[in-house]
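Note that the structure is predicted; figures quoted are calculated from it, not measured.
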Amino acid sequence: MFFRPLLLLLLFAFALTPQVSAAESFDWRLPPWMPPPPVPANNPMSTSKVELGRRLFYDIRLSGPGYMSCASCHQQSLGFADKKRVPIGITGEPHHRNSMGLTNVAYFQALTWANSSARHLELQLRRPLIGTKPVEMGSLGHDQAIVDLLMSNSVYRKLFAESFPGTDGRIDFESIGKAIATFQRTLISARSPYDRYRYGGEPSAITSAAKRGEKLFFGQRLRCGQCHQAPHFTEAATSARFHNTGLYNLKGIGQLPGNDQGLSDITNRPEDVGRFRTPSLR
């Protein structure tokens with residue numbers, strides 16, 4: 001019961017919290033053409049908080065049984081996604097959607113495949129931690145044990161104190177969520193060969209074939225770039241839009257396989273059946 005009232009409180013708090021530009025004191029280490037992502041006023045960036053979030057992201061102790069971390073399904077070497085057809089939760093249950101890549105997620109206005117209300121990284125964390133449809137990390141009911149484990153670690157006590165001086169370093173799931181969200185905001189791709197070519201003034205950074213492909217990609221004949229908009233190569237950075245690409249039409253009535261109906265699972269509107277967020281191509 002620890003999570004439900006806290007989740008409602010956080011939802012209310014974030015609904016009233018304006019999105020503001022990142023603190024100027026934080027060094028994002030971005031190229032000049034890339035602006036920093038928006039940051040909530042009640043969760044400013046700091047170096048200590050990024051380090052705290054990084055440790056928590058890779059820590060298996062955040063899961064209920066203690067053998068799965070955020071990084072289990074969001075692997076750095078794979079663009080913070082995984083290579084499985086579908087991820088497997090801590091109970092062995094296969095999920096029905098892919099693990100989403102977290103590259104540049106801090107810029108996105110829609111965070112998941114088909115939930116128009118998921119717009120805050122601090123709150124999105126609760127779905128993998130305590131969600132039951134499907135079970136992911138299985139932390140529901142283990143909240144106090146997880147907090148006790150973190151409190152028993154001197155490195156965590158120090159980092160929480162540095163990251164959240166306003167609460168005297170209190171360790172709870174609100175601060176855990178804020179720390180991991182802060183780390184996620186630093187997962188930025190802005191120096192790919194295409195970035196260096198298009199924005200960095202390096203004409204030789206990509207091949208002539210790639211340059212021809214760019215013209216096709218953004219041209220009126222193919223219009224790939226209409227939904228995969230640069231520089232993030234998804235429109236999720238500019239709007240929370242969802243599309244039905246017509247991939248499935250079972251029985252000739254637009255039916256999708258299984259019980260995954262896309263955005264309509266959230267809105268209950270027939271016109272939202274099969275609609276999903278445009279994935280980033282980074």
Side-chain angles (χ1 to χ4, degrees), residues 1-11 14 40 43 45-82 84 86-95 97-103 105-106 111-112 118 120-164 167 169-187:
M1 298 302 294
F2 171 85
F3 289 99
R4 292 180 181 175
L6 178 57
L7 178 56
L8 290 173
L9 176 62
L10 286 174
L11 283 168
F14 271 87
N43 190 24
M45 299 293 294
S46 72
T47 302
S48 61
K49 200 186 299 181
V50 172
E51 173 59 18
L52 172 60
R54 184 190 67 80
R55 287 176 177 269
L56 291 168
F57 187 87
Y58 289 95
D59 198 330
I60 60 175
R61 288 173 291 188
L62 280 192
S63 64
Y67 57 85
M68 176 178 284
S69 69
C70 304
S72 297
C73 294
H74 298 284
Q75 300 172 27
Q76 180 175 343
S77 61
L78 298 171
F80 290 95
D82 65 16
K84 298 176 182 177
V86 291
I88 306 296
I90 204 162
T91 61
E93 177 186 4
H95 297 188
R97 296 176 184 165
N98 303 118
S99 295
M100 303 196 78
L102 298 179
T103 303
V105 69
L111 297 180
T112 69
H120 301 289
L121 288 172
E122 286 81 356
L123 299 180
Q124 168 55 25
L125 172 70
R126 299 187 172 275
R127 179 160 186 173
L129 279 175
I130 66 173
T132 58
K133 296 181 180 181
V135 174
E136 297 184 47
M137 294 175 67
S139 303
L140 185 63
H142 299 272
D143 45 284
Q144 191 58 53
I146 292 170
V147 167
D148 290 344
L149 279 173
L150 298 180
M151 290 180 63
S152 69
N153 184 290
S154 60
V155 174
Y156 273 131
R157 291 198 304 271
K158 178 176 182 291
L159 285 172
F160 273 98
E162 293 174 352
S163 302
F164 301 101
T167 63
R170 183 178 65 243
I171 301 177
D172 55 22
F173 272 79
E174 180 179 358
S175 56
I176 289 170
K178 286 183 174 181
I180 293 179
T182 300
F183 169 66
Q184 289 177 318
R185 290 191 172 96
T186 68
L187 307 181

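- Looking only at side-chain heavy atoms (C-beta outward), Asp172 and Thr167 stay at 4.5 Å or farther from each other.
- Using a 4.5 Å heavy-atom threshold, the side chains of Phe57 and Leu62 count as separate.
- At least one side-chain heavy atom of Val147 sits under 4.5 Å from a side-chain heavy atom of Phe173.
- When all heavy atoms of Ser63 and Met137 are compared, the pair lying nearest together is CB-O, 3.2 Å.
- Between the side chain of Thr132 and the backbone N or O of Val135, no donor-acceptor pair lies under 3.5 Å.
- Side-chain contact between Thr186 and Met45: present, with at least one pair of heavy atoms (C-beta onward) separated by less than 4.5 Å.
- No side-chain donor-acceptor contact under 3.5 Å links Thr91 to the backbone of Gly138.
- Between Leu125 atom CG and Ile130 atom CD1 the span is 9.0 Å, to the nearest 0.5 Å.
- Note that CZ of Phe183 and CD of Glu51 are 9.0 Å apart. Values are rounded to the nearest 0.5 Å.
- A heavy-atom distance below 4.5 Å is not found between the side chains of Val105 and Phe80.
- Remark: the backbone N or O of Lys178 is paired with a side-chain donor or acceptor of Thr182 at under 3.5 angstrom.
- For Lys84, the side-chain contact (heavy atoms from CB on, under 4.5 Å) partners are Asp82, Ile88, not counting sequence neighbours.
- Ser69 places none of its side-chain heavy atoms less than 4.5 Å from the side chain of Asp59.
- Remark: the backbone N or O of Ser163 is not paired with any side-chain donor or acceptor of Ser46 at under 3.5 angstrom.
- At least one side-chain heavy atom of Arg55 sits under 4.5 Å from a side-chain heavy atom of Val155.
- Every residue was checked against the ring pair (Phe, Tyr, Trp, His ring centres under 6.0 Å) condition with Tyr156, not counting sequence neighbours, and none meets it.
- Between Glu136 and His95, the closest side-chain pair of non-hydrogen atoms falls below 4.5 Å.
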